Amino acid sequence: MIIAIDGSAASGKGTLAKQLAAHFGLSHLDTGALYRAVGLQLLNVGKNPKNINEYQCVKLCFELDITLTKNPLIRSEKVAEMASVVAAMPAVRLALLDLQRQFAAAPPNPNGAVLDGRDIGTLVLPDADIKFFIDADIHIRAGRRTKELLQLGQSVMFPDVLTDMQERDTRDRSRSASPLRPADDAIIIDTSKMDVDAVMTLALSHVIAYSG
Ligand code: DC
């Protein structure tokens, strides 16, 4: 079984992806972590979002140190900003496409895979068995992200997180290469007024209905 989950930042898509993977014994790929890993590598060599070029980013994608996707440093706001800038580059998206498709075609767990990101249902895996699109009010999402970052020991303030998130949301939704949007056949879940368990229960009911 292949499950595609797309959605906005801090919408709850990553948590849902992990929970569904654990429930059904599927492999999970957080595709945002790939873009973040490229962003972190650029920051590590002294780049900033204004002095990067597409060629250099593509080269990094092909040489990507995949262990960086598990590095807690990719969770900073600086890396998130860089990731959002590189993710808007069509050549970068193309360079990371095969890796994502190969994961879904031969997941470590033969039961299947859950991939979460922004264009999984629309572009990476248009034939996924089941697709979800997760979204929530931006103020709620910024509140969740602020809490998350504070728990990670980062000193952030809600208004700054909100402004950064608005900027990145606009970039993710308006870029020409695979903008964030629901696939036509995606199940849309607004998590603004739902807790983690409620989102999982609802998503689970859809997957079970699909599997018969
Ligand atoms: O989900 P996230 O915040 O970890 O994603 C980091 C950035 O990467 C974000 O700006 C959206 C982008 N992204 C993307 O464009 N396509 C994906 N499949 C996953 C993430």
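As the structure lists them, so they are numbered: ligands from 1, and atoms in each ligand from 1. From a predicted model like this one, the values you see are computed outputs, not experimental measurements.
The main-chain N or O of Val79 is found under 3.5 Å from a side-chain atom of Ser76 such that the two form a donor-acceptor pair. Between the Lys131 side chain and the Ala4 main chain, no donor and acceptor come within less than 3.5 Å of each other.
Side-chain contact check for Ser11 and Asp135: no donor-acceptor pair (N or O, by modelled atom type) lies under 3.5 Å. In summary, the side chains of Arg36 and Ser84 do not present any donor paired with an acceptor at a separation below 3.5 Å, with no hydrogens or angles considered.
At under 3.5 Å, not a single nitrogen or oxygen of Asp116, backbone or side chain, sits near a nitrogen or oxygen of ligand 1. An N or O contact shorter than 3.5 Å is missing between Asp30 and ligand 1 by distance. Where the criterion is an N or O separation shorter than 3.5 Å, residue side chain and backbone included, Tyr35 fails it with respect to ligand 1.
Residue Arg118 holds the heavy atom nearest to atom 14 (C) of ligand 1 of all those in Arg36, Met82, Met89, Arg118. Nearest residue to atom 16 (N) of ligand 1 from Arg93, Met165, Arg75, Arg168 is Arg93 (criterion: closest heavy atom).
Here the heavy atom of the protein found nearest to atom 7 (C) of ligand 1 is Ala83 CB, 3.9 Å. From the protein, the heavy atom lying nearest to atom 20 (C) of ligand 1 is Gly32 CA, 3.5 Å. Annotation: atom 12 (C) of ligand 1 to nearest protein heavy atom, Ala87 CB, 3.7 Å.
Of all atoms in ligand 1, numbered sequentially from 1 with element shown, those under 4.0 Å from a heavy atom of Thr31 are 17 (C), 18 (N), 19 (C). Each of the atoms 10 (O) of ligand 1 lies under 4.0 Å from some heavy atom of Ser84.
Taking every heavy atom of both residues into account, Cys61 and Val38 meet most closely at SG-CG2, 3.9 Å. Closest approach of Ile134 and Gly12 over heavy atoms only: CG2-C, 4.4 Å.
Using a 4.0 angstrom heavy-atom cutoff, Lys13 counts as in contact with ligand 1.
With a 4.5 Å cut-off on side-chain heavy atoms, Leu20 and Phe132 count as touching.
More than 12 heavy atoms of other residues, nucleotides or ligands shown are found within 6.0 angstrom of CG on Asp195.
Contacts between Asp172 and ligand 1 below 4.0 angstrom, taking non-hydrogen atoms only, involve the side chain exclusively.
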